[in-house]
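Notes to accompany the following structure.
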Amino acid sequence: ALRRPGDPAAPSLPRTPTMADGEEYWFAAKIHLGDRLFAVARSLPTGAVSPPVALSDGVHLLAMAKNVAPVPPPFAAVRDKVLAAYIKAQAATLTGANGRFLRKRADIQIAPGFA
């Protein structure tokens, strides 16, 4: 019944909580599923159901809703985003260093009568 989408007799399968929206980067899917299940999932075409996979925590079935292989964009298309992310990270590093420098040298004194 799992192999016939839309069949009223098909059981409802729980979704993995980490992939509730159905989309996840492959490196993250490998972390969440583990090496064995990811190897099975990676080769499943859209709409397919895996054979049972026995692991130490039970038997798993994977029902692939959609399987689209990732295609990295060309560097020219993401160059500006990469540069902006680098500048933002450098600015955060410098701001943090400035804050630490100023806190170490701070000498806050409160005048009598204001405490």
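Nothing fancy with the numbering, it's 1 onward along the sequence. Values in this document were obtained by computation on a predicted structure and should not be read as measured data.
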(message) Test: side chain to side chain donor-acceptor pair (under 3.5 Å). Region: residues 92-111. Which pairs qualify, not counting sequence neighbours?
(response) Asp107-Gln109
(message) Show me the pairs that pass side chain to side chain donor-acceptor pair (under 3.5 Å) and involve residues 54-65, at least two apart or across chains.
(response) Asp57-His60
(message) If you compare all heavy atoms of Phe75 against all heavy atoms of Val82, which two are closest, and at what distance to 0.1 Å?
(response) CE1-CG2, 4.4 Å
(message) Applying side chain to side chain contact (heavy atoms under 4.5 Å, CB included), can you list everything that pairs with Ile31, at least two apart in sequence or on another chain?
(response) Phe27
(message) Side-chain heavy atoms under 4.5 Å apart, restricted to Ile/Leu/Val/Met/Phe/Trp/Tyr: what other residues fall into the cluster of Leu102, or is it alone?
(response) Phe101
(request) Could you state whether Leu55 and Leu62 fall into the same hydrophobic cluster, counting links through intermediate Ile, Leu, Val, Met, Phe, Trp or Tyr residues with side-chain heavy atoms under 4.5 angstrom apart? (result) yes
(request) Report the residues that fulfil side chain to side chain contact (heavy atoms under 4.5 Å, CB included) with Pro74, sequence neighbours left out, ordered by chain and then residue number. (result) Ala77
(request) Return the minimal non-hydrogen interatomic distance between Leu61 and Pro51, and the atom names on each side. (result) CD2-C, 3.9 Å
(request) Could you pull out the closest heavy-atom pair between Val59 and Pro52, with the gap in Å? (result) CG1-CB, 3.7 Å
(request) Go through the steps to decide whether Asn67 and Met64 satisfy the test side chain to side chain contact (heavy atoms under 4.5 Å, CB included), and finish with yes or no. (result) CA-CA 7 Å; Asn67 193 352; Met64 185 60 66; 3.6 Å; yes
(request) Locate the shortest heavy-atom distance separating Val53 from Arg36; write the atom from each residue and the value. (result) CG1-NH2, 3.8 Å
(message) Taking side chain to side chain contact (heavy atoms under 4.5 Å, CB included) as the definition, give me every residue that meets it alongside Asp35, ordered by chain and number, with sequence neighbours left out.
(response) Lys30
(message) To check you understand the geometry: which heavy-atom pair defines the closest contact between Val40 and Ser50, and what is its length?
(response) CG1-CB, 3.5 Å
